[in-house]
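Everything on this sheet refers to the single structure shown next.
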Amino acid sequence: MNFDFSDRVGRVEPSATLAISNLASELEAQGEDVVDLSVGAPDFPTPDNITQAAKDALDAGHTSYTSSNGIPELKDAIAAKLRGNGVDAEADEIIVTPGGKQALFETFQTLVDDGDEVVLLDPAWVSYEAMVKLAGGTLSRVDLAQHDFKLEPALDELGETVSDETKLLVVNSPSNPTGGVFSDAALEGVRDLAVEHDFAVISDEIYERIVYDGFEHTSLGSLDGMEDRTITINGFSKAFSMTGWRLGYLHAPSDLIAQAGKLHSHSVSCAVNFVQHAGVEALSERTDDAVEEMRQAFEDRRDMLVDLLAEHDVDVAVPKGAFYMMLPVDDSAVQGTAENASDEQSRADDQAWCEGAIQDAKVATVPGSAFNAPGYARISYAASEERLREAVERLAEHDYI
């Protein structure tokens, strides 16, 4: 039969990051040696104490359904962790989800109606746009690329973009795809605009523990005036190298939790029982040394990659967090047509550059246009120093840098 698909699925495209990763996997299946810098997944094993906690939970029989919003032990641990960030959090204001992406999806579905305006800060993670469109919302965007991906210099533009009609703003710091960490002054500027125009803010803090150069993470919900209008999204994938465990959470005022909880219970029922017990262990002090070891390794890789690119006269905005870097590119290496390109040409350029890089140099990256940042490619340096060196050498050898 010919299915009549819903309008909502026609509004979105498949994830660009997963599409590149799938192509890399196909080439590897054909025997090619691909340096895959496309996926935002730490290359470290999950810390042993977390894995052991999951095994212990399995042995103890924690394999049944849990209460929909999460086991009390984990919600208590998350609330305590948020209070440590200055957020006034209680356990009953938390929903534990199968991954941070599910927490975001439930938030958009709960808050956004047809035609509601959602504001994104570009470059923005690919799934924000898709989730807004699935909810029926409309998008307004503020371009941070012209400010080296910093928010503070763009506050005037943000102020011109938001209005009393704005329903929701999405803030992601540290940022995927840029690695940018927004200053306290920038977050205070967001607060002032949110209070003035009475809109809510999603604060996606999934990379909060991966920051460099002495930076300290600030939770948006800790600022005066943001207590009742911030939805804090976080998870265990990045800081604890638990991508496949699928564990995340959202914290919000109790009235939002009550509504989002309905969607949660009718969709995923609950996060996996024994994985939630592993999450309790992840948030304990026993994991701090492993998290710091991974964070330091990412910082060392960042420094090395910045230096390697500088040797080839490539300047980048140095990331202050996460494990991503935006590489300025064009398709001159493959077509020689990038100079004086229009925005549409730039989109073609970064797509062509990334396609050429994986086909010729066997280096997988993600086109910046996937994040609404044409003219860039996103590199993930969640890979060994050896593979990062290999990637730069291959790109230089094939004239991509």
Q | Counterpart residues, side chain to side chain contact (heavy atoms under 4.5 Å, CB included), relative to Ala200 (two or more places apart) | A | Leu168, Ile231
Q. Can you list the residues that meet the salt bridge (Lys or Arg N to Asp or Glu O under 4.0 Å) rule with Glu93, with sequence neighbours excluded?
A. none
Q) Sequence neighbours excluded, which residues qualify as salt bridge (Lys or Arg N to Asp or Glu O under 4.0 Å) partners of Lys320? A) Asp213
Q: Kindly write out the residues that satisfy side chain to side chain contact (heavy atoms under 4.5 Å, CB included) with Thr66, not counting sequence neighbours, or none if the list is empty.
A: Ile71, Cys270, Asn273, Gln276
Q. Taking only residues two or more places apart in sequence, or in another chain, which ones meet Glu281 in a salt bridge (Lys or Arg N to Asp or Glu O under 4.0 Å)?
A. Arg286
Q: Hey, could you give me each pair passing salt bridge (Lys or Arg N to Asp or Glu O under 4.0 Å) that has a residue in residues 145-167? Not counting sequence neighbours.
A: Asp116-Lys167
Q) Residues in salt bridge (Lys or Arg N to Asp or Glu O under 4.0 Å) with Glu292, at least two apart? A) Arg295
Q. Who passes ring-ring contact (aromatic ring centres under 6.0 Å, His included) against Phe236, sequence neighbours left out?
A. Phe240
Q) Relative to the ring of Phe149, is the ring of Tyr376 parallel (under 30°), tilted (30 to 60°) or perpendicular (over 60°)? A) perpendicular
Q | Under 3.5 Å: donor-acceptor pair, side chain of His264, backbone of Ser68 | A | yes
(Q) Is it the case that the ring center of Tyr324 lies less than 6.0 angstrom away from the ring center of Tyr207? (A) yes
**Q.** Pairs meeting criterion salt bridge (Lys or Arg N to Asp or Glu O under 4.0 Å) with involvement of residues 35-58, two or more places apart
**A.** Asp43-Arg301
Q. side-chain hydrogen bond (donor to acceptor under 3.5 Å, both in side chains): which pairs involve residues 119-130, sequence neighbours left out?
A. Asp122-Arg141, Asp122-Asn372, Tyr128-Asp204, Glu129-Lys133, Glu129-Arg141
Q. Heavy-atom distance under 4.5 Å between the side chains of Asn49 and Thr287, does that happen here?
A. yes
Q: Determine which pairs satisfy salt bridge (Lys or Arg N to Asp or Glu O under 4.0 Å) with at least one residue from residues 64-83, sequence neighbours left out, and list them in order.
A: Lys81-Glu208
Q. By side chain to side chain contact (heavy atoms under 4.5 Å, CB included), which residues pair with Ala41, not counting sequence neighbours?
A. Val39, Thr243
